Amino acid sequence: MQEQNDLIKSRLDALEQIKKLGVNPYPYRFDVTANSAEVLNSFKDPANENEAEAQKQKIVSLAGRIAAIRRMGKASFCHIKDDAGKIQVYIRQNDVGEQMYKLFKLLDIGDIIGVNGFVFRTKMGEISIHVTSFELLTKSIHPLPVVKEEVTETGEKIVHDAFADVELRYRQRYVDLIVNEPVKDTFIKRTKIIQLIRATLEKNGFFEVETPTLQTVYGGANARPFVTHHHTLDIPLYLRVSNELFLKRLIVGGFNRVYEFVKDFRNEGIDRTHNPEFTQVEWYQAYGDYNDSMNLFEEVVEQACISVHGKTKIDYQGTELDFKRPWKRLKMVDAISERNGIDVLNMKKADIVKFMKERKIEFDSAISHSKGLLIAALFEETCEESLIQPAFIIEHPLDTTPLCKPLREYSMHQLEEMKNDPEQVIFAERFEPYIYKWELGNSYSELNDPILQRKLLEEQAERGRAGEGDTHPLDEDFIKSIEVGMPPTTGVGLGVDRLVMLLTNSHSIRDVIFFPLMKPL
RNA sequence: GGGCCCGUAGCUCAGUGGUAGAGCAUCUGCCUUUUAAGCAGAGGGUCGGAGGUUCGAGACCUCCCGGGCUCACCA
């Protein structure tokens with residue numbers, strides 16, 4: 001049962017009195033003819049006497065939640081909030097009648113009302129609605145935080161007693177959205193960004209598809225899955241960690257350009273850039289390579305930025321970021337060279353290990369068998385922090401992924417030789433876009449050699465997750481689809497939440513997910 | 001999971017071992033162009049929870065719960 005403090009009691013008491021007045025506190029509908037923004041914009045010149053007279057003849061109907069009440073005996077001002085903003089309304093007993101004014105006195109902050117009236121300007125100059133009649137549309141019985149807003153003479157807004165407890169804001173997002181205006185704006189931008197990505201992909205001929213969330217075998221990313229169980233079939237099921245392997249099956253099936261926005265689920269740590277469920281968009285393009293993906297990635301992100309900011313330069317947490325195309329493209333080994341002054345290609349595996357140990361660069365000893373993985377670890381530890389402006393890191397060691405093609409410049413013969421030499425590193429046609437130190441995505445010239453694909457996935461399955469003990473399962477059906485034949489293909493994954501964080505200047509991923517995971521109380 | 005910090009009224013916050021406070025909100029009264037409306041009065045607390053130290057704990061100690069930052073894992 002709900003807490004029975006005096007605030008709730010007085011609201012429940014008001015609810016009873018409203019019912020006694022013969023008023024249904026939860027009626028069915030209300031005809032809305034305008035929103036607050038339209039009303040405010042409709043009054044062109046408040047100082048113009050003729051316009052003021054004309055406005056009096058026009059009745060508008062507007063509905064919203066009471067955000068503030070200032071009562072002065074037999075007349076009152078309220079601010080009501082609707083989908084478009086906030087507007088002041090003026091209610092007088094003379095206009096609405098004694099009975100309705102009695103009802104008005106029983107209203108609280110948080111109640112939803114519909115008002116009819118004409119637009120006017122108060123002595124203090126605020127465009128408001130002079131109410132001629134109103135209806136209670138929903139009685140609220142739970143008190144809202146009372147946030148007060150002061151507008152200084154210079155037009156600056158000062159918010160007093162803002163609802164700031166982050167835990168309560170995330171747990172009760174509906175309250176957060178009601179009382180903290182910038183929150184709603186962030187989520188509107190989130191939707192705009194997603195719409196823009198979709199529009200850009202559609203413009204480029206991509207086709208939106210849906211693939212399974214519940215999977216009998218998980219794959220496509222190196223991550224711990226959430227496990228669930230199907231009762232009737234009595235089998236374990238996994239929540240997807242990626243949709244990559246299914247989208248490739250669709251390329252095999254003859255869809256040349258597909259994309260999907262998905263929730264991926266990864267059973268890993270939670271911090272300000274990680275939520276257990278997060279949104280990715282992945283797209284796959286037959287007959288293209290990772291250069292095509294890079295170009296489209298830039299376009300998608302630049303256009304998303306312009307769609308919410310109207311420009312490519314933005315501020316993120318005090319740092320200026322410029323999303324203007326083209327972005328810098330930097331080979332991983334060159335990035336390492338720039339930061340560390342070493343040429344890893346001309347170093348023995350043992351020298352790289354020595355270098356990392358000397359610099360106290362930590363790495364999992366399980367990777368020391370692979371020069372490629374050592375290079376990737378060295379990159380992550382020494383270069384990521386310097387990647388502030390949008391940039392593509394390209395040409396990762398092939399060992400970092402089982403799903404990517406080696407560079408096209410290697411001859412078949414060269415590849416065979418290099419594979420057998422632990423001092424050689426094969427590089428892959430892969431890129432990762434970095435912005436503000438974060439990986440924002442991942443892309444390959446997709447591996448479509450079924451023999452090599454099987455070999456690499458089998459190796460990964462054998463290795464399992466280093467230190468975790470659980471093995472990475474082999475998706476036989478996926479390999480079968482590659483055996484059927486996948487055309488040359490490139491694919492991209494883009495982390496939507498992080499892009500939204502950057503474009504909305506949000507400090508935490510929890511600020512861009514309506515209902516982030518919270519421990520139960 | 002480790003380290004550091006936080007949790008006091010519906011909300012925002014004071015309170016450095018000695019009678020639990022303020023502003024807003026709420027309730028009562030007054031107030032027909034106010035705007036962080038105003039004036040007069042009133043009520044509201046298991047100080048996150050459980051133990052402990054002490055004559056005495058909101059404060060000190062231990063454990064637990066929730067959150068923030070950070071490291072690890074990861075995107």
Side-chain angles (χ1 to χ4, degrees), chain A residues 2-11 13-14 67-79 86-96 101 108-110 120-126 128 130 141-152 157-172 175 179-180 220-225 241-242 264-280 282 362 364 380 384 432-434 437-442 465-468 493-499 501 507-510 516 518-521:
Chain A
Q2 72 188 157
E3 47 198 309
Q4 287 286 323
N5 65 41
D6 61 333
L7 287 94
I8 290 175
K9 273 188 196 139
S10 82
R11 282 159 179 254
D13 187 51
I69 308 179
R70 290 176 291 280
R71 301 183 202 272
M72 301 163 299
K74 295 183 181 64
S76 302
F77 284 94
C78 314
H79 270 101
K86 201 162 67 169
I87 190 163
Q88 180 170 255
V89 301
Y90 179 51
I91 299 182
R92 287 198 314 185
Q93 184 171 289
N94 281 10
D95 299 309
V96 299
Y101 202 75
D108 291 293
I109 289 173
F120 78 113
R121 189 180 163 220
T122 66
K123 275 183 185 166
M124 299 301 288
E126 181 164 349
S128 310
H130 191 124
I141 59 169
H142 199 98
L144 289 174
V146 181
V147 178
K148 297 222 170 188
E149 213 172 68
E150 180 185 4
V151 181
T152 64
K157 273 188 188 172
I158 301 173
V159 177
H160 296 272
D161 299 332
F163 178 51
D165 184 313
V166 287
E167 182 178 352
L168 283 180
R169 286 183 45 225
Y170 298 146
R171 287 187 192 277
Q172 298 176 43
V175 173
V179 302
N180 290 329
N222 191 20
R224 290 177 73 181
V241 297
S242 163
D264 285 339
F265 304 87
R266 297 190 184 173
N267 210 337
E268 315 273 1
I270 300 174
D271 62 31
R272 83 180 181 92
T273 59
H274 296 84
N275 193 61
E277 59 176 297
F278 66 103
T279 303
Q280 275 213 101
E282 294 203 24
E362 291 188 12
D364 189 336
E380 280 168 25
E384 280 190 354
E432 287 183 307
Y434 276 87
K437 312 168 198 178
W438 301 338
E439 288 172 53
L440 213 68
N442 189 17
R465 283 175 60 86
E468 300 282 351
L494 190 171
V496 172
D497 308 286
R498 287 187 182 175
L499 179 61
M501 284 174 70
H507 175 257
S508 167
I509 197 168
R510 289 179 155 183
M518 302 294 284
K519 266 197 180 181
L521 290 176

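Predicted model only: the values in this text are computed from it and were never measured. Letters go in sequence order (proteins before strands), and every chain restarts at 1.
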* Any residue meeting ring pair (Phe, Tyr, Trp, His ring centres under 6.0 Å) with A/His79, in chain and number order, not counting sequence neighbours ->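 A/His79 satisfies ring pair (Phe, Tyr, Trp, His ring centres under 6.0 Å) with no residue once adjacent residues are dropped.
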From [X] atom [atom1] to [Y] atom [atom2], the distance as rounded to the nearest 0.5 Å:
X        : Y        : atom1 : atom2 : value
A/Tyr90  : A/His130 : OH    : NE2   : 6.0 Å
A/Lys74  : A/Tyr101 : NZ    : OH    : 9.0 Å
A/Arg510 : A/Asp497 : CZ    : CG    : 13.0 Å
A/Asn222 : A/Arg266 : CG    : CZ    : 9.0 Å
A/Arg224 : A/Asn267 : CZ    : CG    : 5.5 Å
A/Lys157 : A/Glu150 : NZ    : CD    : 12.5 Å

Which is true for [X] with a 4.0 Å heavy-atom rule: it touches a base, it touches only sugar-phosphate, or it touches nothing?
X        : value
A/Asp95  : nothing
A/Ser508 : nothing
A/Lys74  : base
A/Gly495 : nothing
A/Asp165 : sugar-phosphate

* Check RNA chain B for consecutive Watson-Crick or G-U pairs with both distances under 3.5 Å and list the runs of at least three as stems. =>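 For RNA chain B the paired stretches long enough to count as stems (3 pairs minimum) are B:1-7 with B:65-71, B:10-13 with B:21-24, B:26-30 with B:38-42, B:48-52 with B:60-64.
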* Candidate nucleotides B/U32, B/G66, B/U33, ranked by approach to the side chain of A/Asn94 - the nearest ->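 The answer is B/U32.
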Nearest-Å distance for atom pair [atom1]/[atom2], residues [X] and [N]:
X        : N     : atom1 : atom2 : result
A/Leu144 : B/G10 : CG    : C1'   : 10 Å
A/Phe163 : B/G67 : CZ    : C1'   : 13 Å
A/Lys9   : B/A9  : NZ    : P     : 17 Å

* Upstream residue (5' side of RNA chain B) when A/Glu432 and A/His507 are each assigned their closest nucleotide ->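 Of the two residues, A/His507 wins.
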* Quick one: on RNA chain B, does A/Tyr90 or A/Leu168 contact a more 5' nucleotide (nearest heavy atom)? ->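 On the 5' side of the pair lies A/Leu168.
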* Asked: With respect to the phosphate group of B/G67, does any side-chain polar atom (N or O) of A/Arg171 fall under 4.0 Å of OP1 or OP2?
  ->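 For B/G67, OP1 or OP2 has a side-chain N or O of A/Arg171 closer than 4.0 Å.
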Using the [atom1] atom as the point on both nucleotides, what is the distance between [M] and [N], in whole Å?
N     : M     : atom1 : result
B/U54 : B/C60 : C1'   : 10 Å
B/U53 : B/G58 : P     : 16 Å
B/A22 : B/U62 : P     : 33 Å
B/G15 : B/C30 : P     : 40 Å

* Give the B/S/- string for nucleotides 35-45 of chain B, one per nucleotide from 5' to 3', where a protein heavy atom under 4.0 Å of the base yields B, of only the sugar-phosphate yields S, and otherwise -. => BBB-----B--
* Under 3.5 Å: donor-acceptor pair, side chain of A/Asn180, backbone of A/Phe163 ->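 Pair found, side chain donor or acceptor close to backbone of A/Phe163.
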